[in-house]
Participant: 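Here it is, the structure, as structure tokens.
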Amino acid sequence: MCDASRDLCLLAEGGGDGAVRVSNLRSVWSTSQSIRWQWDVAGDGDLFARYELVVGPSEADVLSGQNVTVFAEAQNPELGRYQLPRANGVEVVTATVTDGHDPDVSYFARLFAFDSADHLTVSNVASGRTTLAPTQARVIFSEDLS
């Protein structure tokens, strides 16, 4: 039970009253500097406005909005779309990749979905870990003729 204001309780517990609902945020793969986050989405895509993914070093930071990086449409254009066009139709956006992370570090994230009336829903807080930094490099393609 939350004793704070309604908005703070929504942010602390997840949920919200937006037309687009997000849930089950999770990390599905990572590299040494990036993490791919995936989520479930339901609701009225015609009323969708944008996603914002908040990423930070701890669950407490993500819940408080302190010491976090916000990934939005400016960083990841798919976060400004409900659907992406594909050759065989359209695909609902249910994932994005965040980058610029340090190797071998755990990160926490929370997804915000805003509708056209600026109502929102929020996901659970999920965690992901980047992989170790590469120890060697392999040249796959080179224009060097030597």
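The first residue of the sequence shown is numbered 1, and numbering continues consecutively from there.
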Participant: Examine Tyr82 and Val90 and state if one hydrophobic cluster contains both, with Ile, Leu, Val, Met, Phe, Trp and Tyr joined whenever side-chain heavy atoms are less than 4.5 Å apart.
Facilitator: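 In one cluster: no.
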Participant: Rounded to the nearest 0.5 Å, what's the gap from CD on Gln38 to CG on Leu111? Could you check?
Facilitator: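 One finds 12.0 Å between CD of Gln38 and CG of Leu111.
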Participant: So if you build clusters from Ile, Leu, Val, Met, Phe, Trp, Tyr with side-chain heavy-atom gaps below 4.5 Å, do Phe114 and Val122 land together?
Facilitator: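 Per the 4.5 Å side-chain linkage, Phe114 and Val122 are co-clustered.
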Participant: Between Asp115 (side chain) and Leu47 (backbone), is there a donor-acceptor pair under 3.5 Å?
Facilitator: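 Absent.
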Participant: Test of understanding: clusters of I, L, V, M, F, W, Y form through side-chain heavy atoms closer than 4.5 Å, transitively. Do Val55 and Val22 belong to the same one?
Facilitator: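 Cluster IDs for Val55 and Val22 match.
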Participant: State yes or no: do Phe112 and Val92 share one hydrophobic cluster built from I, L, V, M, F, W and Y residues joined by side-chain heavy-atom distances below 4.5 Å, directly or via other members?
Facilitator: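 Not linked; separate clusters.
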Participant: Do Asp118 and Arg50 meet the salt-bridge criterion of a basic N to acidic O distance under 4.0 Å?
Facilitator: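 Yes, this pair counts.
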Participant: Could you tell me which non-hydrogen atom of Tyr51 sits nearest to which non-hydrogen atom of Val93, and how far apart they are?
Facilitator: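 Scanning both residues completely, I find the closest heavy atoms to be OH-O, 3.6 Å.
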Participant: Is Leu132 close to Pro103 at the side-chain level, that is, under 4.5 Å between some pair of heavy atoms?
Facilitator: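 Side chain of Pro103 against side chain of Leu132, heavy atoms only: no contact under 4.5 Å found.
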Participant: Could you grab the distance from atom CH2 of Trp29 to atom OG of Ser34, nearest 0.5 Å is fine?
Facilitator: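 If I round to the nearest 0.5 Å, the distance is 5.0 Å.
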Participant: Using atom types as modelled and distance alone, determine if a side-chain donor or acceptor of Thr94 lies under 3.5 Å from a backbone N or O of Asp40.
Facilitator: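 No; judged by distance alone, with no hydrogens or angles, the pair does not exist.
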Participant: Under a 4.5 Å cut-off applied to non-hydrogen side-chain atoms, are Arg21 and Thr121 in contact?
Facilitator: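 SC-SC contact between Arg21 and Thr121 confirmed.
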Participant: Restricting to salt bridge (charged side-chain N to carboxylate O under 4.0 Å, His left out), what partner residues turn up for Arg138, sequence neighbours left out?
Facilitator: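 Salt bridge (charged side-chain N to carboxylate O under 4.0 Å, His left out) check on Arg138 returns nothing, list empty.
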Participant: Might you work through the side-chain hydrogen bond (donor to acceptor under 3.5 Å, both in side chains) test for Ser23 and Trp39, ending with a clear yes or no?
Facilitator: CA-CA 6 Å; Ser23 62; Trp39 60 87; over 6 Å; no
Participant: Can you find a side-chain donor-acceptor pair between Ser106 and Arg129 that sits under 3.5 Å?
Facilitator: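 There is such a pair (donor and acceptor under 3.5 Å, judged by atom type) between the side chains of Ser106 and Arg129.
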Participant: Look at the side-chain heavy atoms of Ile, Leu, Val, Met, Phe, Trp and Tyr, link any pair under 4.5 Å apart, and say whether Val20 and Trp37 land in one connected group.
Facilitator: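 Same cluster: Val20 reaches Trp37 through Ile, Leu, Val, Met, Phe, Trp or Tyr contacts under 4.5 Å.
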Participant: Indicate the atoms forming the closest heavy-atom contact of Ser116 with Ala49, along with that distance.
Facilitator: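 Smallest heavy-atom distance, with atoms named: N-CB, 3.9 Å.
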Participant: For Thr130, which residues count as a side chain to side chain donor-acceptor pair (under 3.5 Å) partner, sequence neighbours excluded?
Facilitator: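 Partners of Thr130 under the side chain to side chain donor-acceptor pair (under 3.5 Å) test: none.
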Participant: Kindly indicate whether the side chain of Val125, heavy atoms from C-beta on, has any atom under 4.5 Å from the side chain of Leu63.
Facilitator: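 Side-chain contact under 4.5 Å: yes.
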Participant: Distance-only check: which donor-acceptor pairs under 3.5 Å involve side-chain atoms of residues 66-81, not counting sequence neighbours?
Facilitator:
residue, atom, partner, partner atom, Å
Gln75, OE1, Ala72, N, 2.7
Asn76, ND2, Thr96, OG1, 2.6
Asn76, ND2, Val97, O, 2.7
Glu78, OE2, Thr96, OG1, 2.3

Participant: Of all the heavy-atom pairs spanning Ser32 and Ala133, show the shortest one and how long it is.
Facilitator: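 Distance-wise, the nearest heavy atoms are CB-CA, 3.9 Å.
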Participant: Compare every heavy atom of Leu53 with every heavy atom of Leu25, then report the nearest pair and how far apart it is.
Facilitator: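 In this case the closest contact between Leu25 and Leu53 is CD2-CD1, 4.1 Å.
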Participant: Just checking His101 against Tyr107, ring centres under 6.0 Å apart?
Facilitator: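 Close enough - the centres of the two rings lie under 6.0 Å apart.
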Participant: Considering non-hydrogen atoms only, spot the tightest contact between Ile35 and Ser30 and give its length.
Facilitator: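 Nearest pair, atom of Ile35 first, then Ser30: CG1-CB, 4.1 Å.
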